[in-house]
There are 2 protein chains.
Amino acid sequence: MTTPDRPGFALPLLLLAGFRTLVDDLHAELARQGHPDLRPAHGFVLQAVGPAGTTASDLGHRLGVSKQAAGKTVDRLVALGYLERVDDPADARRKLVRVTAKGRDGLHRSAAVFDQLRGRWAATLGVDRVTAIEDDLRRMVPADVFRLDVPGWFGG
Amino acid sequence: MTTPDRPGFALPLLLLAGFRTLVDDLHAELARQGHPDLRPAHGFVLQAVGPAGTTASDLGHRLGVSKQAAGKTVDRLVALGYLERVDDPADARRKLVRVTAKGRDGLHRSAAVFDQLRGRWAATLGVDRVTAIEDDLRRMVPADVFRLDVPGWFGG
DNA sequence: CATGTTCGACAACCTCGTTTACTATTCCGT
DNA sequence: ACGGAATAGTAAACGAGGTTGTCGAACATG
């Protein structure tokens, strides 16, 4: 894709490109390490489920999507072996969603690969530049930006 | 969403968050300026069509998606009034895709809003920090990263 | 105990992508 | 001049991921 003519286009494009390269590298490495089915969105979900487990409704609430969407995503991750559903003995309506051992493995490997990629950026740019980017971005993004409830983002 | 425990998670998350805030702000403003149906992906498409126009196949090639996907996206943008199809008099197989006046208006307004948003970042961080982020990112991203042909990105 | 709320499930539909298949047209080599 | 190969557009079936709306079962509370 050619560089846009207008200056303002560069910043969002570069931020997206930076994110994309990191995530593409992550998933290329994860596929190599035995997780070829893990998709970018799955990391968010596994992270949101957490070590204690949750329900589909609560997961939807955390991710800012409907409980139905969260339920379907859980279905896919259960089919892939990253999550499991267990009945809640205290409430017959609820089904606890929990991360499996395979899910924890994927999460740990993701963290390790991201650490390694950040190290690669630091080796090229210098650690101070990387932390400066992080600090600057932290100042510019609102705290609740990770809610995926904006229509048109990941499907709308 | 809570801040992740592992340090390596922060960088990709912040890059995505920065991109998301810019694009969310852009589309909120575009909706206010008479383009409520313009979605994030549409900007890429309008940009890729260009002032000279193209065909659906070439558009798919430029965007790194199949010609069928490009054709369906063109269908939607034609329905919204941002693109038009005209028969190519020189080749009866081809149908030229061109940006309409409405499409050009959306593109111009997008550029203006992005310029304005970059100015807001510069007002907070300083112009030199913004350009430093852009320069650093340019060093870290490969040139062909905007090809959307990675499965799992925008649907897969 | 009746009422209202919450949870999970199901169905229908949208967007955006894929692969496979097919038609029409153009191009090119014999 | 003509028949095969490449190209353009289209269509169907599918998958991922999202949306509403509905529903029954289970809980909570008056």
Side-chain angles (χ1 to χ4, degrees), chain A residues 20 27 36-46 48-49 53-80 82-98 147-156, chain B residues 27 36-46 48-49 53-80 82-98 146-156:
Chain A
R20 286 268 331 238
H27 286 278
D37 297 323
L38 223 37
R39 313 268 245 93
H42 296 166
F44 284 89
V45 178
L46 293 181
V49 171
T54 33
T55 66
S57 289
D58 182 53
L59 187 58
H61 193 250
R62 291 188 199 182
L63 294 174
V65 300
S66 66
K67 61 179 183 176
Q68 292 91 336
K72 282 205 286 187
T73 301
V74 169
D75 286 343
R76 293 175 205 120
L77 285 172
V78 167
L80 291 173
Y82 288 99
L83 293 177
E84 63 181 353
R85 270 189 239 259
V86 301
D87 290 333
D88 185 338
D91 187 337
R93 294 170 307 176
R94 290 156 55 93
K95 289 182 183 166
L96 257 293
V97 176
R98 289 193 310 208
R147 308 290 302 283
L148 301 181
D149 50 3
V150 174
W153 239 156
F154 290 117
Chain B
H27 286 278
D37 297 323
L38 222 39
R39 315 268 245 89
H42 296 165
F44 283 89
V45 178
L46 293 181
V49 170
T54 40
T55 65
S57 290
D58 182 53
L59 187 58
H61 193 250
R62 292 188 198 181
L63 294 173
V65 301
S66 66
K67 61 178 183 175
Q68 294 90 335
K72 283 204 285 187
T73 300
V74 169
D75 286 343
R76 293 173 206 121
L77 285 172
V78 167
L80 291 172
Y82 289 99
L83 293 177
E84 62 179 355
R85 268 190 241 259
V86 300
D87 288 334
D88 185 339
D91 188 336
R93 295 169 305 178
R94 290 156 54 93
K95 290 180 184 170
L96 256 294
V97 176
R98 288 193 310 206
F146 289 115
R147 309 289 303 283
L148 302 181
D149 50 0
V150 173
W153 239 157
F154 290 116

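These numbers come from the heavy atoms of this one structure, side chains and all, not from hydrogens, waters or symmetry mates.
- The interatomic distance linking B/Asp37 (CG) with C/dC16 (P) rounds to 11 Å, in whole Å.
- With rounding to whole Å, A/Asp88 atom CG is found 15 Å from D/dA25 atom C1'.
- Using a 4.5 Å heavy-atom threshold, the side chains of A/Leu38 and A/Leu80 count as separate.
- One finds the CG atom of B/Asp58 at 8.0 Å from the NE2 atom of B/His61 (value rounded to the nearest 0.5 Å).
- Atoms CG (B/Asp87) and C1' (C/dT26) sit 16 Å apart, rounded to a whole Å.
- When the nearest nucleotides of DNA chain D are assigned to A/Ala92 and A/Gln68 by heavy-atom distance, the more 5′-ward of the two goes with A/Gln68.
- Neither OP1 nor OP2 of D/dG9 sits under 4.0 Å from any side-chain N or O of B/Arg94.
- Put simply, A/Arg93 has no side-chain N or O that comes within less than 4.0 Å of OP1 or OP2 on D/dC23.
- Distance B/Leu59 CG to D/dT7 P: 18 Å, rounded to the nearest Å.
- Using a 4.0 Å heavy-atom distance criterion, A/Ala69 is classed as a base contact.
- The A/Lys67 side chain lies nearest to C/dA9 when the options are D/dG9, D/dA16, C/dA9.
- For C/dC16, one of the phosphate oxygens OP1 or OP2 lies less than 4.0 angstrom from a side-chain nitrogen or oxygen of B/Arg39.
- Dashed line: the shortest gap from a side-chain N or O of A/His42 to OP1 or OP2 of D/dA16 is not under 4.0 Å.
- Considering only side-chain N and O atoms, B/Ser57 lies under 4.0 angstrom from the phosphate OP1 or OP2 of D/dG9.
- Within the structure, a side-chain polar atom (N or O) of A/Lys95 is placed less than 4.0 Å from OP1 or OP2 of C/dA9.
- Exactly one residue among A/Lys95, A/Arg94, A/Arg98 makes a salt bridge (Lys or Arg N to Asp or Glu O under 4.0 Å) with A/Asp88. That residue is A/Arg94.
- Going from atom CG of B/Leu96 over to atom C1' of D/dT7 covers 15 Å, rounded to whole Å.
- With rounding to whole Å, A/Leu80 atom CG is found 14 Å from D/dG17 atom C1'.
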- Task: Start with the C-alpha distance between A/Val78 and A/Val97, add both sets of side-chain angles, then the distance that settles side-chain contact (heavy atoms from CB on, under 4.5 Å), and finish with yes or no.
- Result: CA-CA 9 Å; A/Val78 167; A/Val97 176; 5.9 Å; no
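- The nearest heavy atom of DNA chain C to A/Asp91 and to A/Lys72 marks one nucleotide each, and the one closer to the 5' end goes with A/Asp91.
- Going from atom CD of A/Glu84 over to atom CG of A/Leu96 covers 9.5 Å, rounded to the nearest 0.5 Å.
- Distances shorter than 4.0 Å separate none of the side-chain N or O atoms of B/Thr73 from OP1 or OP2 on C/dT15.
- One interatomic measurement links the two molecules: NE2 of B/His61 to C1' of D/dG9, which rounds to 17 Å at whole-angstrom precision.
- Residue B/Ser66 is in base contact, counting any heavy-atom pair closer than 4.0 Å across all strands shown.
- The CG-P distance, from B/Asp75 to C/dC14, rounds to 15 Å in whole Å.
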